[in-house]
There are 6 protein chains.
Amino acid sequence: MTDTNPSSLTHFDPKGDAHMVDIGGKPQTHRKAIAGGRIQMKQSTLDLIQNAQAAKGDVLGVARVAGIMAAKRTSDLIPLCHPIMLSRVAVEFEIVTATATSGPAVQCLAIAETTGGTGVEMEALTAVQITLLTIYDMCKAVDKGMVMTDVKLLEKHGGKSGTYLAAP
Amino acid sequence: MTDTNPSSLTHFDPKGDAHMVDIGGKPQTHRKAIAGGRIQMKQSTLDLIQNAQAAKGDVLGVARVAGIMAAKRTSDLIPLCHPIMLSRVAVEFEIVTATATSGPAVQCLAIAETTGGTGVEMEALTAVQITLLTIYDMCKAVDKGMVMTDVKLLEKHGGKSGTYLAAP
Amino acid sequence: MTDTNPSSLTHFDPKGDAHMVDIGGKPQTHRKAIAGGRIQMKQSTLDLIQNAQAAKGDVLGVARVAGIMAAKRTSDLIPLCHPIMLSRVAVEFEIVTATATSGPAVQCLAIAETTGGTGVEMEALTAVQITLLTIYDMCKAVDKGMVMTDVKLLEKHGGKSGTYLAAP
Amino acid sequence: MTDTNPSSLTHFDPKGDAHMVDIGGKPQTHRKAIAGGRIQMKQSTLDLIQNAQAAKGDVLGVARVAGIMAAKRTSDLIPLCHPIMLSRVAVEFEIVTATATSGPAVQCLAIAETTGGTGVEMEALTAVQITLLTIYDMCKAVDKGMVMTDVKLLEKHGGKSGTYLAAP
Amino acid sequence: MTDTNPSSLTHFDPKGDAHMVDIGGKPQTHRKAIAGGRIQMKQSTLDLIQNAQAAKGDVLGVARVAGIMAAKRTSDLIPLCHPIMLSRVAVEFEIVTATATSGPAVQCLAIAETTGGTGVEMEALTAVQITLLTIYDMCKAVDKGMVMTDVKLLEKHGGKSGTYLAAP
Amino acid sequence: MTDTNPSSLTHFDPKGDAHMVDIGGKPQTHRKAIAGGRIQMKQSTLDLIQNAQAAKGDVLGVARVAGIMAAKRTSDLIPLCHPIMLSRVAVEFEIVTATATSGPAVQCLAIAETTGGTGVEMEALTAVQITLLTIYDMCKAVDKGMVMTDVKLLEKHGGKSGTYLAAP
């Protein structure tokens, strides 16, 4: 049976009004989240990024800084997110070569950690989204058709709901 | 022949250092961009959102506000984006029912306009990303496996490069 | 006897210079504040807002999101406010019908909570002010004469000074 | 006859969804707005502020800076406000002595100007609200019962709707 | 022997990628930092500032507010800085008269404190820099040649590395 | 004769109150400013930075991004600065080897441009300051004694006051 009662969306109170839910009673535990996502592009664009890495013009370095800074501003961007004292943020990249079913891409992974009363999934996901957007911005002069895709939570640890691992 | 010269990435100067490129000499013209993207979810989550719309707990209304506000902060988030005086931002939704090849989803469309020396693609894309992230945030208590996907520029009008339409 | 010694304003040091006072030694206790305020308007404007609620065009829903987001930015707006990890923010509305002594209005109530070394009065008051301003913004095309009034602290709990209740 | 059609609220599109309205076609004209408001307090609190002005501990000086800075962030706080290039902001104070019908207070006036496609009422009103909030913050240790009241638009010049003067 | 291994820069991971380092395991201790810096100017500019203090036009009062507010935004400005719950910020000035070896100047001192897992040097230094920049801004109409100089950490207390005192 | 009339500080009105001065009547002209500054450090720290550039761990690349982003936030940080639509920002570095009179250092140069009614000196200076602060942050684990110094306006073009060149 499917639960279709809107009140199961905890960001709304029983009257259906949005609120920032009370986390005051939650224990302060160590929290960690890992999110991932991908930006697909032309092979020539990927070549440009890789050449830039090797030589000059560090697209991924700039995008990483943008992603880390955005993670710190998550509660400023997402209306019902609690402010969080992030204790760690990291952004990593992997170059994805074209396969039979998917094109060339840069895969981005963001890791966020804190000790607090609420999770850091949104911080990790925000880091991924702004990192991918920054790559788009820096390469759009040569490739407007890039697609940001498959952005999702990969892992979550800590808190009452415990560990979550995305289905592979 | 593929152009793999990093200097064709205009966000880097000839030495390969990142900079915010000079748009001082560009004419002030009307610019418009439309971006789109999708968040895939369980059918029960989509039902919750739709019931909430009909009754109480307006997930999409809150997400729309977040997306519009984020568009205005694009140059604050994306390192080499120019500040822009947006003259219009709108965010629209479409409920996507499951098909043979793809699951149930909310499709989001963002439109940005300005009159200025540079385009508004990044503003439209940022609005889409933060709108999708806000939907994720509000529904994650019931569905951590949601996936944000297929975020891309759909249309672009104005400026030296003229009209761009994404391949269908 | 009235205390007119400026040094009783704790936001100034003995020399009279503004500073962000030291709360390092204060115990971390649960804090809660409730603030209220009202925006007076023409009956026809209030009708518009109520019709919008019932049908489409959710003025109060947008204003609530603005108020919650503003509460999180209080220390960024009020120079000598300490940063605070808000654990809860809620904004509620009541439609006030015209009486012999006062006109039609929307009454707004904001509740803020945290566990920390300083109170959350400013967060609750800021939420009320920005919520009322957002209502003004959305209705000003039809009613420029709206008045925001009677914004005050209603209740405060926790901390050394204990409970405060506004005189009725 | 009263217009109760929600679509007369221009911040909603015909479907009733909030948007940042298109001002792209509006002429760039000189715009000016003056807003006012008052914070009522105990006579002893007003004495403290006045003594502070004369000697040390400049409450109103700090509040003025906060109000001017807040005016520049209006579009960041009010969801559907357009970004505006303010060309002038000023905040003025008047000490209001107690009368038969109203208590002692500080009256605040904010003036905002720009040349652009939309008005600056929200900037002037935001400056007043944050200025009053800052006075509250700096004096709350001695007077939690202060009330911010009578915040409204006093004058508006420029734009299609022309001059607006509040009823006296 | 000089350590020239880039990995001794802790803001980079072993691969050389920037990250916000993990402070999750660090104990929450009391931290304090004092930073100083100076803005050199013409004697006539210094006279203006001092006359303004005595009479009207409080340059240093406005600059102090800017410095305190900037300290709270340090983690928003410096990419790899952790968000910190500042428990105290103060900014002090000293008028420096011309000597044989250095010209007239305003010396600025900023003190920051917190209880947490990382130090507050950056908060104190940021307060100094933005305070000096604000003095520059307010006096640049009469003296464009002002120089901000000798900005450094003076003292640091708390944390694993313990007390640091700048060489005199 | 020295002008010591505080009213010659244009950021204060005739009463001595701070305000954001009216630039509404000023012509929109092309403006450019170049600012410079230096961070002095131990030779071993400079070696680390240079090795990092050559190999991994790009201190200057991260600092450049921070400086460019800060330039865009100048009016948010400096109380009486006007919002400006920057059309270009660039940050450049030069490695300074030790001489008889000064130690090893990184010299930073920031260039800002716009077309508007007010200059961009503050934007260029803010970029320099935040760039230097970011270098300090990234290297402070190995060298707390670094000194940021000699930050000043080097060139200014456009506007009523015309060209300014710093004395060599």
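In what follows, every heavy atom counts, from backbone to side chain, and hydrogens, waters and symmetry copies are set aside. In what follows, every chain begins at residue 1, and chains take the letters A, B, ... in the order their sequences are listed.
Here the CG atom belonging to D:L133 is positioned 6.0 Å from the CG atom belonging to C:L125, to the nearest 0.5 angstrom.
Shown here for D:D137 and C:L80, the closest heavy-atom pair between the two residues is OD2-C, 4.0 Å. When all heavy atoms of C:M122 and D:K140 are compared, the pair lying nearest together is SD-CD, 4.1 Å. Here the shortest heavy-atom pairing between C:Y136 and D:L153 reads OH-CB, 3.4 Å. Of all the heavy atoms in C:I130 and D:L77, the pair that sits closest is CG2-O, 3.8 Å.
Within the 3.5 Å criterion, the main-chain N or O of C:D150 finds a donor-acceptor partner in the side chain of D:T149.
Comparing C:M138, C:K156, C:Q129 by heavy-atom pairs within less than 4.5 Å of chain D, the highest count is held by C:Q129. Between chain C and the residues D:S161, D:A66, D:P79, D:A70, the most heavy-atom pairs under 4.5 angstrom are made by D:P79. For the set C:D76, C:T131, C:I39, C:L154, the entry with the most heavy-atom pairs within less than 4.5 Å of chain D is C:D76.
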Point to revise | Worked verdict on D:K152 versus C:K144 for side-chain contact (heavy atoms from CB on, under 4.5 Å) | key: CA-CA 9 Å; D:K152 62 186 176 194; C:K144 286 184 181 48; over 6 Å; no

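Side-chain contact check for D:L9 versus C:V59: some heavy-atom pair is nearer than 4.5 Å. C:R73 is listed as a side-chain neighbour of D:R73, based on a closest heavy-atom distance under 4.5 Å.
Of the atoms belonging to C:E121, it is side-chain heavy atoms, and not backbone ones, that fall under 4.5 Å from chain D. In this structure, no portion of C:R38 lies under 4.5 Å from any heavy atom of chain D. When heavy atoms are compared at a cutoff of 4.5 Å, C:T74 does not approach chain D at all. When heavy atoms are compared at a cutoff of 4.5 Å, C:A141 approaches chain D solely by way of its side chain, counted from C-beta outward.
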